[in-house]
Amino acid sequence: MEHILIIEDEERLAEFLELELRYEGYEVQIAHDGRKGLDIAIQQDYDIILLDLMLPGLNGIEVCRRLRTVKDTPVIMLTARDSVMDRVTGLDSGADDYLPKPFAIEELLARMRVILRREQRRNDRKKLVLTFKNLELDVESRVLKQDEQMIELTNKEFELLAMFMKNVNRVLTRDVLLEQIWGYDCAVETNVVDVYVRYLRNKLSDSDKETYIQTVRGVGYVMR
């Protein structure tokens, strides 16, 4: 369930939006002034913020600017002011969209769906790219970059590194790595893990070869 924050000082409009959004299945919270709305937006996580431009305490432009210094929560700015400069100012302050009042609830819902689909694609993409320190491993294209420099990996090297990067700070035993990478039925010794860890360390350019994959003596390895 997506969480929506409404920062709107017109109580009747805020209540109307809350009713419509709850009917559509959203979880909703309301703030009626800019300062309180900013505090809530920073302290809690929301999928979208509906932000009025003209607010008591702190106007919507300033709320959006201050929010952008700490969070990238999508913001749809709602306002009765609809000049080109008003729209430009709102978007330049960090808003993702700008909807002039009065508006049809169907249009607002449609714009929210567009933003939520975009954020879902972005989140899906993040899941396909594993990062650790200056390493970036693209799971889909199977490309490893270190400081933007591509490093070629064999299939087993890729699978082993992906396993470490998905389990940062978790100690992985040689047996677990052997089962996950080479499979239960593979007739290889556990020392093959040591061999491939050495291959990876040699490919990751650094004066300290255990910067990325550290040995836990008598147990296995950990990336931390």
Side-chain angles (χ1 to χ4, degrees), residues 1-131 133-134 136 138 140-141 145 147-148:
M1 179 184 296
E2 291 87 359
H3 289 69
I4 312 299
L5 173 61
I6 301 171
I7 309 177
E8 169 63 67
D9 64 327
E10 295 181 39
E11 293 190 14
R12 291 183 62 184
L13 176 57
E15 290 172 1
F16 168 74
L17 291 174
E18 180 183 21
L19 182 66
E20 292 290 335
L21 293 178
R22 288 191 184 279
Y23 179 79
E24 294 294 327
Y26 297 106
E27 186 69 32
V28 181
Q29 186 169 355
I30 297 175
H32 292 299
D33 69 79
R35 290 191 183 280
K36 181 179 179 181
L38 178 61
D39 288 343
I40 296 173
I42 291 174
Q43 293 168 9
Q44 302 180 42
D45 292 328
Y46 295 92
D47 295 287
I48 295 179
I49 296 174
L50 304 181
L51 176 63
D52 185 30
L53 179 61
M54 304 300 293
L55 290 166
L58 205 63
N59 67 48
I61 297 295
E62 193 59 30
V63 169
C64 198
R65 283 175 178 161
R66 295 188 188 187
L67 178 67
R68 282 292 172 261
T69 64
V70 292
K71 279 192 171 183
D72 58 359
T73 310
V75 172
I76 299 178
M77 196 163 281
L78 309 175
T79 177
R81 298 171 61 176
D82 189 32
S83 71
V84 172
M85 283 309 301
D86 287 329
R87 295 197 297 272
V88 169
T89 301
L91 294 171
D92 282 347
S93 71
D96 296 81
D97 202 352
Y98 189 103
L99 188 58
K101 300 175 182 178
F103 53 82
I105 188 64
E106 292 80 9
E107 181 177 3
L108 174 62
L109 292 171
R111 291 181 184 227
M112 289 173 61
R113 289 193 294 269
V114 168
I115 288 177
L116 291 172
R117 285 197 298 269
R118 184 198 68 198
E119 292 301 305
Q120 183 61 54
R121 289 195 296 271
R122 182 180 297 174
N123 290 335
D124 290 344
R125 175 61 183 164
K126 286 180 180 178
K127 294 177 184 177
L128 294 174
V129 179
L130 304 174
T131 58
K133 295 184 179 179
N134 62 343
E136 183 178 285
D138 191 312
E140 189 172 42
S141 64
K145 290 183 180 179
D147 292 325
E148 297 303 317

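In this text the structure is predicted, and so the values were computed from the model without any measurement.
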Do I49 and V63 make a side-chain contact, defined as non-hydrogen atoms from C-beta onward lying under 4.5 Å apart? no
Spatial distance of atom CD1 (I48) from atom CD1 (I115) [nearest 0.5 Å]: 5.0 Å
Can you tell me how far apart CG (L130) and CG (D138) are? Round to the nearest 0.5 Å. 9.0 Å
Hey, what do you get for CD1 (I105) to CZ (F103), rounding to the nearest 0.5 Å? 6.0 Å
Looking only at heavy atoms, the pair that brings I4 and Y46 closest together is C-CD2, 3.8 Å
Rounded to the nearest 0.5 Å, what's the gap from CG on L38 to CZ on R65? Could you check? 13.5 Å
What's the shortest heavy-atom distance between G60 and M77, and which atoms? O-CE, 3.9 Å
As an exercise, state the distance from CG of L58 to SG of C64, rounded to the nearest 0.5 Å. 11.0 Å
Is there a donor-acceptor pair under 3.5 Å between the side chain of R68 and the backbone N or O of T73? yes
Can you check whether L78 reaches L17 side chain to side chain, under 4.5 Å on heavy atoms? yes
Close side-chain approach of D47 and Y26, heavy atoms under 4.5 Å: no
Only pairs under 3.5 Å count here: list side-chain donor-acceptor contacts from residues 6-15, not counting sequence neighbours, and write none if there are none.
| unit_1 | atom_1 | unit_2 | atom_2 | d |
| --- | --- | --- | --- | --- |
| E8 | OE1 | K101 | NZ | 2.9 |
| E8 | OE2 | E10 | N | 2.9 |
| E10 | OE2 | K101 | NZ | 3.4 |

Any side-chain heavy atom of I42 within less than 4.5 Å of one from L67? yes
Nearest heavy atoms of M54 and D52, plus distance in Å: O-OD2, 2.8 Å
Criterion side chain to side chain contact (heavy atoms under 4.5 Å, CB included) on R66 and R35, from CA distance to verdict: CA-CA 10 Å; R66 295 188 188 187; R35 290 191 183 280; 4.0 Å; yes
Sorted by chain and residue number, the side-chain hydrogen bond (donor to acceptor under 3.5 Å, both in side chains) partners of E107 (sequence neighbours excluded) come out as R111
Are any of the side-chain heavy atoms of Q44 and Q29 separated by less than 4.5 Å? yes
Answer yes or no: is there a side-chain heavy-atom contact under 4.5 Å between L50 and L21? yes
For G37 and A31, which heavy atoms make the closest approach, and how far apart are they? CA-CB, 3.6 Å
Under-4.0 Å salt bridge between D45 and K71: yes
Are the side chain of H3 and the backbone N or O of M1 linked by a donor-acceptor pair below 3.5 Å? yes
Spell out, as yes or no, whether a donor-acceptor pair under 3.5 Å connects the side chain of D33 to the backbone of K36. yes
Min side-chain heavy-atom separation I76-M112 under 4.5 Å: yes
Nearest-0.5 Å distance that lies between atom NZ in K145 and atom CG in N134: 13.0 Å
